[in-house]
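What follows is a single structure, written as structure tokens, with notes after it.
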Protein chains: 2
Amino acid sequence: MLLVERGVDPYRGARALPGGFLNHAGEDILDAAHRELREEADLDVARLHLEQLGTYGAPGRDPRGRVISVAYLAIAPELPDPVAGTDAADAGWESAADVLSGRTKLAFDHLRIVTDGIDRARGKLEHSALATAFCRETFTIADLQQVYEAVWGVQLDPRNFYRKVQKVPGFIEPTGQERRATKGRPARLFQAGPTTVLHPPLVRPESTDSEGAR
Amino acid sequence: MLLVERGVDPYRGARALPGGFLNHAGEDILDAAHRELREEADLDVARLHLEQLGTYGAPGRDPRGRVISVAYLAIAPELPDPVAGTDAADAGWESAADVLSGRTKLAFDHLRIVTDGIDRARGKLEHSALATAFCRETFTIADLQQVYEAVWGVQLDPRNFYRKVQKVPGFIEPTGQERRATKGRPARLFQAGPTTVLHPPLVRPESTDSEGAR
DNA sequence: GCAAAAGTGTTAGCAGTACACCCATGA
DNA sequence: TCATGGGTGTACTGCTAACACTTTTGC
């Protein structure tokens, strides 16, 4: 996940989610989320899934006063090194396991927000076709399989996954192209299809523990 | 769903979701949702499922100026006749189908909020044990089946549903009591169990059309 | 007894899993 | 020609839908 190191008080030096305040009274909150992501992480909007996660408005969550934060969950492939922004001394990618376990300390109630975001991402991955958002424009079935294996820490049979994922109508579409790796038979390339909701889920996690994230 | 008839401009006379502004700067947004529900609908918090739905902050959504609304989804059994509140000329229960079809006009962007709420409720019903929130403290398996049949407009086999729902660990728990109807064998009474997430879903809808709601 | 609703047993079919096998490529 | 990853065929198994059947009540 993308975190910034706070350069100003409060919580100076601690890690925090990238974010900020509305620019002016007329700015849409979704536009503001895009803007902050662009300013603090230099993330392009292409191939970027962005959905509202939730709103956090407990009275004491910010020592500066009453702050109500609308959190957005973003998922994107290809991870560029983010650049330091205006009020961020440093920004960089962090392992989700490090944050969830408490090894990386977060400012404000951002650990709670991160926990909610991971839960949402897991649920979305399971019940929708969101997994393709982790892949490039075109991808192989093995690429897609790696997404599912990374998120839940499971090992899937490539042969069964290969057919299962193609049987879901509208999930992925073949492009006719191939990708050659250093070894082995070339793999067919696919792109995301129009389907967004999956019945039934492709994978069903056995235990709901908080491990398995990378 | 619960709607109020607006007594003040803008949209005077139109239907709207119950709601209002924060009382004071220190009020928690969840507390405010509870308060508005109590004030405008006289709804007790017992047996009330209340979860955040989303935040709506498009610049032009309220002609009075910039208003950011945090919407909450509430689900409860037993529907009392709500009483008129402070800024609501009239409040009452409305059919979801009437609202979704456009027969009942809603103020602001509340139709969008309602649509999101129905979608959320359907998804939650399918993947979680939320269906018991529509039932009383104790209920029969047939009661629970009616919830699923009403939400998706499907017809389920009572015999298979009877066993399927009992096989899910922690979903429902027998109370040992029975309920006698006018005819037929008495039914065993159950109560909600600790489980909140269901793998796999009890029912899987075939089509995602917008009908089937009552 | 009869109708109606609750609850049980049984079976065919289907979908998921496991794995043997074949295919196409680089070295 | 061998190793490696991609792709196909197939048997086994566990779950589910369908439905015959039994139980318990009110009338």
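Every chain is numbered from 1, with letters handed out A, B, ... down the list of sequences.
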Query raised in the report: Among C:dA6, C:dT25, D:dG9, which nucleotide sits nearest the side chain of A:Arg163?
Result: D:dG9

Query raised in the report: Using a cut-off of less than 4.0 Å, is there contact between a side-chain N or O of B:Lys167 and OP1 or OP2 of D:dC15?
Result: no

Query raised in the report: Of all heavy-atom pairs between B:Ala133 and B:Pro77, which one has the smallest distance, and what is that distance?
Result: O-CD, 3.2 Å

Report task. For A:Asp143 and A:Thr140, indicate whether the former's side chain and the latter's backbone hold a donor-acceptor pair under 3.5 Å. Result -> yes

Requested in this report: Assess the side chains of A:Glu51 and A:His49: does a donor N or O sit below 3.5 Å from an acceptor N or O?
Outcome: yes

Query raised in the report: Is any side-chain heavy atom of B:Tyr162 less than 4.5 Å from a side-chain heavy atom of B:Arg188?
Result: yes

Query raised in the report: A:Asn160 has a side chain; which of C:dA18, D:dG7, C:dA24 sits nearest to it?
Result: C:dA18

Requested in this report: For A:Arg188, report the nucleic acid contact type (base, sugar-phosphate, nothing); a contact means any heavy atom under 4.0 Å.
Outcome: sugar-phosphate

Query raised in the report: Do A:Phe108 and A:Arg6 have side-chain heavy atoms sitting under 4.5 Å apart?
Result: yes

Query raised in the report: So, is B:Lys164 near the phosphate of D:dC15, with a side-chain N or O under 4.0 Å from OP1 or OP2?
Result: no

Query raised in the report: To the side chain of B:Asp157, which of D:dT10, D:dC19, D:dT24 is closest?
Result: D:dC19

Query - Residues touching DNA chain D, which here means a heavy atom under 4.0 Å, drawn from residues 172-185 of chain A - result: A:Lys183, A:Gly184, A:Arg185

Query raised in the report: Can you tell me if A:Gln52 uses its side chain to pair, donor with acceptor, with the backbone of B:Gly54 under 3.5 Å?
Result: no

Requested in this report: Output yes when at least one side-chain N/O atom of B:Tyr162 is less than 4.0 Å from OP1 or OP2 of C:dA6, else no.
Outcome: no

